[in-house]
Amino acid sequence: MAIGARDFIDRLLVEKYAQEKVDNHTDDALVSRIDADDIMSAMNKAAYNYRSFLDVSAKLNVACYSVNARNAKYQSIPV
């Protein structure tokens, strides 16, 4: 697998940014500012909310299906 620009635009971008230097590797940059437990808690709450939504959606689907089935009026078509 080759590494490099594959088309004209990529080649221009490589030429433009080839000489750029970035110096942002400090000790502060490597420390997370967000607690991992808070992230897991938020993900857990979102998953629980989505599961609740799916449960309510399934129950609503069954209820609507049964209401539509009870109110359906079937007519025979003469052949």
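The chain is numbered in sequence order, starting from 1.
- Grouped by direct or indirect side-chain proximity (heavy atoms under 4.5 Å, Ile/Leu/Val/Met/Phe/Trp/Tyr only), Leu12 sits with Phe8.
- Hydrophobic clustering of Ile, Leu, Val, Met, Phe, Trp and Tyr side chains at less than 4.5 Å, counting indirect connections, keeps Tyr48 apart from Met40.
- Hydrophobic clustering keeps Leu54 apart from Val62 (ILVMFWY residues linked when any side-chain heavy atoms are closer than 4.5 Å, directly or through intermediates).
- Note that CG of Asn44 and CG of Asp37 are 11.5 Å apart. Values are rounded to the nearest 0.5 Å.
- Applying the salt bridge (Lys or Arg N to Asp or Glu O under 4.0 Å) test to residues at least two apart or on different chains, the pairs with a partner in residues 49-67 are Asp55-Lys59.
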